[in-house]
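One structure is given here, and the rest of the page talks about it.
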Protein chains: 2
Amino acid sequence: MVLMPDLSASPRPVVTRKDVARLAGVSTAVVSYVVNGGPKNVSPATEEKVRQAIAALGYRPNIAARALKVGSSQILGMVVPKISSPFFAGLAKAVEQAAEERGFAMLLGDSRDSLAVESRHLRNFVDRQVDGVFLCSVVNHRPDVSELDGRGIKTVLLNFSEYPLPFDAIGPEFVGSSRQAVEHLAGHGHRDIALVQGLVTGNTLDGREQGWRDALEGLGLPEGRVIRCPFDRAGGYEAGRRFLALPQRPTAVFITSDEQAVGFLRAMHEAGVRVPEDVAVFSFDGSEEAEFTWPPLSTVRQPVQEMAEAAVRAIIGSGRDDPARIQVFPCELVLRRSCGCGTTHSG
Amino acid sequence: MVLMPDLSASPRPVVTRKDVARLAGVSTAVVSYVVNGGPKNVSPATEEKVRQAIAALGYRPNIAARALKVGSSQILGMVVPKISSPFFAGLAKAVEQAAEERGFAMLLGDSRDSLAVESRHLRNFVDRQVDGVFLCSVVNHRPDVSELDGRGIKTVLLNFSEYPLPFDAIGPEFVGSSRQAVEHLAGHGHRDIALVQGLVTGNTLDGREQGWRDALEGLGLPEGRVIRCPFDRAGGYEAGRRFLALPQRPTAVFITSDEQAVGFLRAMHEAGVRVPEDVAVFSFDGSEEAEFTWPPLSTVRQPVQEMAEAAVRAIIGSGRDDPARIQVFPCELVLRRSCGCGTTHSG
DNA sequence: ACCGTCGATCTACTCGAGTCAATAGATCAA
DNA sequence: TTGATCTATTGACTCGAGTAGATCGACGGT
């Protein structure tokens with residue numbers, strides 16, 4: 001008979017509440033009271049003894065046991081369509097940091113733009129008793145939140161949905177800031193401003209497209225052309241190729257994400273079309289990546305830190321029955337070379 | 001008296017093992033046996049009844065309870081220095097996917113290049129009973145694994161450390177593939193090839209630097225110049241500026257990451273120095289980003305998928321006492337424009 | 001001295017699932 | 001028919017922590 005490796009030696013907390021209680025000469029209940037600051041009082045003297053015992057033994061409460069009893073795992077879950085997108089990476093980083101500061105850990109699920117994978121992640125999160133979920137759903141699809149609502153799990157949507165959902169929603173002010181970006185392009189003298197729009201399902205207009213239309217209309221400019229493509233670099237590249245083939249090529253573009261803009265820029269370089277001299281570009285997101293392209297991208301910066309903070313607060317610092325709120329965050333125009341700013345001499 | 005929102009209604013599994021047992025007319029033990037396929041047999045007839053009850057009620061085991069009893073939470077933890085780096089984002093994505101396919105969820109911790117934050121994450125992971133940890137430590141520092149080893153938590157290092165640690169290590173073949181990249185540059189006729197090297201603490205040479213040296217020496221080329229800078233875009237940009245100021249500027253550079261190369265490229269554009277005509281560039285990582293720069297980056301592609309698969313296998317499919325192994329993965333040269341390949345006509 | 005009050009502390013039950021020891025039935029040999 | 005053997009099933013205990021309800025003492029008022 002072959003000896004198998006001993007898998008049964010499961011890793012368990014070396015020291016439990018009981019050990020602390022024994023060392024401090026108190027019952028296990030007081031240890032709990034001290035650790036949680038309640039629900040009953042403990043005399044200062046006893047508290048001190050317990051704290052010393054905790055320190056001496058290096059006791060740390062078993063969160064799984066706590067999760068079993070009270071249903072709180074001190075874990076939050078986040079689902080993003082694609083973590084390798086610079087925008088979502090930045091957002092995930094900010095959310096993780098805000099959560100960590102409050103003692104929460106974060107489960108990350110990459111849904112790869114698939115509703116099915118997204119649902120699987122949500123299911124897994126629920127099974128693990130997460131205390132809350134940040135959901136960047138596949139844009140404007142109706143997320144499968146059946147797992148969430150029944151369980152009363154606090155959820156924050158990090159993109160707006162056209163569907164009414166019983167959750168908080170947090171996002172940038174798409175319409176107004178896109179409008180400003182387009183108006184800025186017009187300020188450089190452009191009258192034919194195209195839109196490279198990421199693919200969005202659903203019936204309502206994407207806020208960025210809305211803002212672009214509003215700007216053109218408000219300025220009395222002729223209707224602009226729209227190129228639709230996926231929300232990634234390859235999509236932006238394709239859009240760039242199609243842009244180049246346009247009759248009477250527009251002199252400026254507003255692009256719905258930095259990632260797409262990177263692909264678009266590559267298409268311009270490849271064709272020897274100069275940015276911003278031949279085509280001015282303004283994009284959306286304000287990710288790190290936009291600062292180091294050539295030329296550097298003028299972009300609408302989403303206040304990622306602030307949004308992440310608000311998202312975590314919405315989950316942690318609120319009662320279960322607070323009404324769902326929508327929080328819209330103003331964005332900032334970051335002006336760099338690609339829109340035509342600061343172009344006294346070009347490389 | 002004001003009515004407070006009912007916070008006590010903690011989210012609990014709607015349906016437990018007991019409900020299933022009752023509906024199927026069996027004891028709770030058999031339900032466990034069916035769900036886990038053991039440790040005792042169940043007659044086919046009973047098994048069928050139980051399965052039907054499970055399906056009818058939509059029962060899903062409470063993982064927190066399972067974690068309490070057997071110490072397995074079906075959760076893995078991953079720590080990266082910076083999730084917004086395209087390389088780590090890609091790696092995290094691949095690991096997450098491999099884990100998800102096996103029913104595991106992944107906690108993500110961003111250590112922001114800080115050993116202290118890294119330790120905090122590890123602590124949090126241990127507290128949550130993770131089944132394993134993927135650690136991309138702050139390069140070559142001695143990670144604080146005191147939390148891990150005592151607990152017997154399976155760990156995989158996703159960068160090599162010069163310190164002997166009792167864990168599996170997985171990484172790319174730095175030395176050999178870097179050497180190939182530099183040899184490729186030499187193949188384009190370059191004799192003065194510089195190195196832009198990310199900052200690394202510790203006493204041993206980074207594998208990429210080693211490979212660069214080996215190549216120069218092997219080819220009988222004169223000693224090359226080294227520019228050291230942080231592992232990010234801004235670092236690469238700074239390195240580029242310093243590179244431009246070099247007397248008798250080298251005609252080629254090997255750069256230790258795509259991210260740095262992006263910054264380096266920006267510095268070249270800004271100064272009107274053409275790549276690859278004036279300076280040829282080869283970088284390391286093979287992240288998505290490298291494909292859409294201008295010019296597109298020739299880079300050493302790390303087999304991220306394969307490494308992620310191996311990492312997950314190393315944790316899940318192995319006994320606790322398997323000896324620590326080191327797995328080195330061969331890389332592939334991705335030839336694009338920046339090194340001088342395919343330059344018949346330039347933009 | 002006696003009773004009531006109040007704060008501190010302890011005992012004991014609970015959460016949901018894993019699993020061992022005991023038990024109930026079925027099968028077979030003598 | 002009796003016992004031995006084996007399999008399917010069950011009851012009961014366990015993991016670690018939260019907390020209600022019981023208990024204990026000290027103190028104050030009479």
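This is a predicted model, so every value here is computed, not measured. Residue numbers start from 1 in every chain, and the chains themselves are labelled A, B, ... in the order their sequence lines are given, proteins ahead of strands. What's counted below: heavy atoms across the whole structure, side chains too, no hydrogens, waters or symmetry copies.
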* **Contacts of type salt bridge (Lys or Arg N to Asp or Glu O under 4.0 Å), residue A/R17, not counting sequence neighbours** => none
* Between A/V30 and B/S27, name the one whose nearest nucleotide on DNA chain D is closer to the 5' end. => B/S27
* To do: For A/K40 and for A/R17, find the nucleotide of DNA chain D with the closest heavy atom, then tell me which residue's nucleotide is more 5'.
  => A/R17
Any base atoms under 4.0 Å from [X], or only sugar-phosphate, or nothing? Heavy atoms, all strands.
| X | answer |
| --- | --- |
| A/V26 | sugar-phosphate |
| B/V31 | nothing |
| A/V35 | nothing |

* Looking at D/dA17, does its base get a donor-acceptor pair with the side chain of A/Y59 below 3.5 Å? -> no
* Asked: Side chains of A/S72 and A/Q129: do they bring a donor and an acceptor to under 3.5 Å?
  -> no
Phosphate OP1/OP2 of [N]: any [X] side-chain N/O under 4.0 Å:
| X | N | result |
| --- | --- | --- |
| B/T16 | C/dC15 | no |
| B/S43 | D/dT7 | no |
| A/N36 | D/dG18 | yes |
| A/N41 | C/dA8 | yes |
| B/R66 | C/dG18 | yes |
| B/T28 | C/dG18 | no |

Separation of atom [atom1] in [X] from atom [atom2] in [N], rounded to whole Å:
| X | N | atom1 | atom2 | result |
| --- | --- | --- | --- | --- |
| A/R22 | D/dG16 | CZ | P | 12 Å |
| A/R128 | C/dG16 | CZ | C1' | 16 Å |
| B/I63 | C/dG18 | CD1 | P | 10 Å |
| B/L68 | C/dC15 | CG | C1' | 9 Å |
| A/N62 | C/dG16 | CG | P | 17 Å |
| A/Q129 | C/dG16 | CD | C1' | 9 Å |
| B/Y33 | D/dT9 | OH | P | 11 Å |
| B/K49 | D/dA8 | NZ | P | 14 Å |

* Structure fact -> Nearest-nucleotide check on DNA chain C, B/S32 vs A/A65; residue mapping nearer the 5' end is A/A65
* Of all heavy-atom pairs between B/D110 and B/H121, which one has the smallest distance, and what is that distance? -> O-NE2, 3.0 Å
* To do: Calculate, to the nearest 0.5 Å, the distance between atoms CG and OG1 belonging to B/N41 and B/T46 respectively.
  => 11.0 Å
* Asked: Got a second to check how far B/D131's CG is from B/Q74's CD, nearest 0.5 Å?
  -> 6.0 Å
* **Salt bridge B/E309-B/R102, side-chain N to carboxylate O under 4.0 Å** => yes
* Nucleotide nearest A/K69 when distance is taken to its side chain, options D/dA8, D/dG18, D/dT14 -> D/dG18
